[in-house]
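Source: prediction; values computed, not measured.
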Amino acid sequence: MKIDRLIGILSILLQKEMITAPELAEHFEVSRRTIGRYIEALCKVEIPIHTMQGAGGGISIMNGYRMDRTF
């Protein structure tokens, strides 16, 4: 289910400093393109996600970000 994956991605981003789209795709058994759509969905609900392309790049969440418990 999509919501389970969105929460799972958010949980991983809160725990790790940075992760790549291929790593997330492998973990959730979806395509890299699907991960891109999930990241876009998280950005639409104002989760401060930062992506960086190229060597040493990946997906991260803004340092110090805390989730509201009502989320």
Side-chain angles (χ1 to χ4, degrees):
M1 180 179 250
K2 183 177 178 178
I3 191 70
D4 294 337
R5 290 185 184 139
L6 288 171
I7 292 171
I9 290 170
L10 185 56
S11 176
I12 289 171
L13 291 174
L14 288 168
Q15 293 172 20
K16 292 189 170 199
E17 188 172 320
M18 186 173 288
I19 191 165
T20 65
E23 289 173 321
L24 285 172
E26 183 177 329
H27 183 273
F28 291 100
E29 298 178 351
V30 296
S31 70
R32 289 171 46 185
R33 187 173 180 168
T34 299
I35 293 297
R37 287 192 292 265
Y38 289 157
I39 296 300
E40 185 178 335
L42 290 171
C43 289
K44 284 183 180 179
V45 294
E46 300 182 7
I47 305 293
I49 294 177
H50 176 72
T51 59
M52 192 167 61
Q53 295 180 345
I59 303 165
S60 62
I61 199 159
M62 184 177 78
N63 287 336
Y65 175 74
R66 299 281 182 247
M67 274 185 39
D68 181 5
R69 289 185 179 192
T70 60
F71 179 74

**Prompt:** Does a sphere of radius 6.0 Å around CZ in R37 hold more than 12 heavy atoms from other residues, nucleotides or ligands, not counting ones at 6.0 Å or beyond?
**Reply:** yes
**Request:** Give, for atom CD1 of I9 and atom CD1 of I47, the distance between the pair rounded to the nearest 0.5 Å.
**Result:** 12.0 Å
**Message:** Quick check: is I12 connected to L6 through a chain of hydrophobic side chains (ILVMFWY, heavy atoms under 4.5 Å apart)?
**Reply:** yes
**Request:** For residues H27 and E23, determine if any side-chain heavy atom of one lies less than 4.5 Å from a side-chain heavy atom of the other.
**Result:** no
**Prompt:** Under the criterion side chain to side chain contact (heavy atoms under 4.5 Å, CB included), which of Q15, K16, E17 is the partner of I19?
**Reply:** K16
**Request:** Apply the test side-chain contact (heavy atoms from CB on, under 4.5 Å) to residues L10 and I49: give CA-CA distance (whole Å), side-chain angles for both, the deciding distance (0.1 Å), then the verdict.
**Result:** CA-CA 9 Å; L10 185 56; I49 294 177; 5.6 Å; no
**Asked** Is F28 reachable from I61 through a run of I, L, V, M, F, W or Y residues, each pair having side-chain heavy atoms under 4.5 Å apart?
**Response** yes
**Item:** I39 side, atom CD1; T51 side, atom OG1 - distance, nearest 0.5 Å
**Value:** 8.5 Å
**Complete:** Of all heavy-atom pairs linking M18 and G56, the shortest is SD-O, 3.7 Å
**Asked** Between CZ of R5 and CD1 of I7, what distance do you get to the nearest 0.5 Å?
**Response** 13.0 Å
**L13-M52 co-clustered via ILVMFWY side chain contacts under 4.5 Å** = no
**Prompt:** Do L14 and V45 sit in the same hydrophobic cluster, where Ile, Leu, Val, Met, Phe, Trp and Tyr count as joined when their side-chain heavy atoms come under 4.5 Å apart?
**Reply:** yes
